[in-house]
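Take a look at the structure below.
Heads up: numbering here begins at 1 and tracks the sequence.
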Amino acid sequence: FTNNLPVRIGVNGEDTAGEFFRKVHHRLLEVSAFQFTPLMEIQRSSEVPWRYRLFDSLIVFQNYLVDDSARRLGGQLEIADFSGPIHSNYPVMLLAEPGTALRLTLIYDRKSVSPKMMERWGRDLEIILEWAPVFFDKRVAELQGLLSPQATQIAKPALVSAAQSQNFMPAQTEMEHSVASVWQKMFGLEQVNVEANFFELGGHSLLLVQMHSLLREKLKSEFPIVALFEHPTVRALARHLSPPTTSADKGEQLRERAQRQKKALAQMRVPLKK
């Protein structure tokens with residue numbers, strides 16, 4: 001039960017490393033006063049469109065205490081051989097785990113970041129840690145000179161216009177038009193291919209929640225947000241939200257839904273590559 005907040009940091013090459021990290025620390029203390037604020041409220045207050053994330057990388061410092069009492073349930077049961085893979089829906093995450101030795105793990109999505117770039121960032125992190133005892137009096141520009149060249153931004157799915165796509169499938173039914181109009185608004189597109197996948201277009205968790213809210217309002221219908229996971233295209237979602245014409249159709253929809261739920265849950269359990 002944690003809340004992630006965006007942090008914006010300016011880098012002045014003429015500052016000493018000590019000045020830079022003190023500014024970062026001060027900024028984090030300022031931001032912590034708003035740590036109860038939901039990320040959806042922050043994005044709603046910003047000028048950043050919903051189709052974009054406020055940030056693409058995450059730093060997690062796991063400093064909570066785990067002792068023997070946390071591994072037992074009363075006096076009779078004991079938890080053993082527990083494995084809890086780290087999951088994240090952000091392209092890059094740095095996990096810090098304090099202990100006898102500090103353990104740092106970079107977790108990333110190979111669809112967004114190449115292994116070579118992650119290796120470079122890992123080496124950069126090693127350099128910074130090796131220089132930590134002596135770099136506070138050095139200029140930030142000097143430290144930047146020790147690191148790999150500035151990388152390009154994390155890759156984002158390209159929003160290809162409908163006219164450029166040879167496989168464009170327009171909305172046909174009334175329900176498809178209704179769903180597609182919400183997708184157009186949220187993704188900032190003139191037209192939407194009804195076979196385009198929500199997540200491949202760049203959809204993320206906050207956009208999913210906002211999309212769900214707008215669809216319920218437009219369709220004046222209540223349906224669970226998991227339906228957007230199970231039916232990630234306009235056509236599939238429209239078919240799911242349209243009332244079945246016969247009992248046989250309804251039975252077929254239930255069977256298809258069960259299969260999609262199983263597939264969606266399996267995808268959500270797959271950890272990002274380390």
Discussion item. Please determine whether side-chain contact (heavy atoms from CB on, under 4.5 Å) holds for the pair L147 and I128, giving the CA-CA distance in whole Å, both sets of side-chain angles, and the decisive distance to 0.1 Å.
Written reply: CA-CA 8 Å; L147 307 178; I128 291 174; 4.1 Å; yes
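- Exactly one of I107, V113, D109 qualifies for a side-chain contact (heavy atoms from CB on, under 4.5 Å) with V92. That residue is V113.
- Ring-plane geometry between F199 and F229 is classed as parallel, the angle between the planes falling under 30 degrees on a 0 to 90 degree scale with a further cut at 60.
- Side chain of E217 to backbone of S213: no donor-acceptor contact under 3.5 angstrom is found.
- Atom CG in L125 sits 6.0 Å away from atom CG in L94 (nearest 0.5 Å).
- For the pair S242 and T173, the minimum side-chain heavy-atom distance is 4.5 Å or more.
- In the displayed structure, E30 atom CD is contacted under 6.0 Å by more than 12 heavy atoms of other residues, nucleotides or ligands.
- Side-chain contact check for F36 versus N3: every heavy-atom pair is 4.5 Å or farther apart.
- In this structure, S46 and L54 approach most closely via the heavy-atom pair OG-CD2, 4.0 Å.
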Worksheet item: Under the ring pair (Phe, Tyr, Trp, His ring centres under 6.0 Å) criterion, do Y52 and H204 qualify, and how do the steps go?
Response: CA-CA 8 Å; Y52 299 123; H204 51 84; 8.8 Å; no
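- Listed here is the closest heavy atom pair of P91 and R53: CD-NE, 4.3 Å.
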Fill in: Step-by-step side-chain contact (heavy atoms from CB on, under 4.5 Å) determination, R27 to V7
CA-CA 8 Å; R27 182 63 179 152; V7 180; 4.2 Å; yes
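- Screening L28, D15, I9 for a side-chain contact (heavy atoms from CB on, under 4.5 Å) with K23, the sole residue that qualifies is D15.
- Counting heavy atoms from C-beta outward, R239 and H231 have side chains that stay 4.5 Å or more apart.
- I225 has its side chain within reach of V209: a pair of non-hydrogen atoms, C-beta onward, lies under 4.5 Å apart.
- One distance of note links CG of L146 with NZ of K138; it measures 8.5 Å at 0.5 Å rounding.
- In this structure a side-chain-to-backbone donor-acceptor pair under 3.5 Å is present from S178 to E174.
- Considering every non-hydrogen atom in both R235 and P170, the closest pair reads NH2-O, 4.1 Å.
- Looking at M40 and Q43, their side chains never come closer than 4.5 Å, going by heavy atoms from C-beta outward.
- Looking at heavy atoms from C-beta onward, F20 lies in side-chain contact with V11 at the 4.5 angstrom threshold.
- Looking at every heavy atom in both residues, L201 comes nearest to A196 through CD1-CB, 3.9 Å.
- Rounded to the nearest 0.5 Å, atoms CH2 (W50) and CD (Q210) are 4.5 Å apart.
- Under the 4.5 Å side-chain criterion, counting only non-hydrogen atoms from C-beta, M186 is in contact with L214.
- Between the side chains of D124 and S148, at least one donor N or O lies within less than 3.5 Å of an accepting N or O.
- Taking CG of L143 as the reference point, atom CD1 of I127 lies at 10.0 Å (rounded to 0.5 Å).
- Residues W121 and V24 do not share a hydrophobic cluster, clusters being chains of Ile/Leu/Val/Met/Phe/Trp/Tyr side chains in contact below 4.5 Å.
- Follow the hydrophobic side-chain contacts under 4.5 Å out from W131 and you never reach L129; the two are in separate clusters.
- A continuous path of hydrophobic side-chain contacts links V31 to V60 [ILVMFWY only; heavy atoms under 4.5 Å].
- When all heavy atoms of R120 and P149 are compared, the closest pair comes out as NH2-O, 3.0 Å.
- Both V48 and L206 are members of a single hydrophobic cluster when ILVMFWY side chains are connected at heavy-atom separations under 4.5 Å.
- Note: the hydrophobic cluster containing L5 does not contain L29 (ILVMFWY, side chain heavy atoms under 4.5 Å, direct or indirect links).
- Here W183 and F198 bring their ring centres to under 6.0 angstrom of each other.
- Under the 4.0 Å criterion applied to side-chain N and carboxylate O atoms, K116 and E119 are not assigned as salt-bridge partners.
- A salt bridge links E41 and R44; the closest N-O separation between the charged side-chain nitrogens and carboxylate oxygens is under 4.0 Å.
- The two residues M169 and E195 make their nearest non-hydrogen contact at CG-CG, 4.1 Å.
- For L104, the CG atom is densely surrounded, since the number of other residues' heavy atoms within 6.0 Å is greater than 12.
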Worksheet entry | Derivation of the side-chain contact (heavy atoms from CB on, under 4.5 Å) call for Y90 and N4 | CA-CA 11 Å; Y90 292 95; N4 304 317; 4.0 Å; yes
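- Remark: aromatic rings of F135 and F21 are close, center separation under 6.0 Å.
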Item to complete: Kindly determine whether L215 and L228 satisfy side-chain contact (heavy atoms from CB on, under 4.5 Å), including the steps that lead there.
Response: CA-CA 10 Å; L215 282 170; L228 296 178; 3.9 Å; yes
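- A donor-acceptor distance shorter than 3.5 angstrom exists from the side chain of Q184 to the backbone of E190, with no hydrogens or angles considered.
- Considering only heavy atoms from C-beta on, L219 comes within 4.5 Å of M175 through its side chain.
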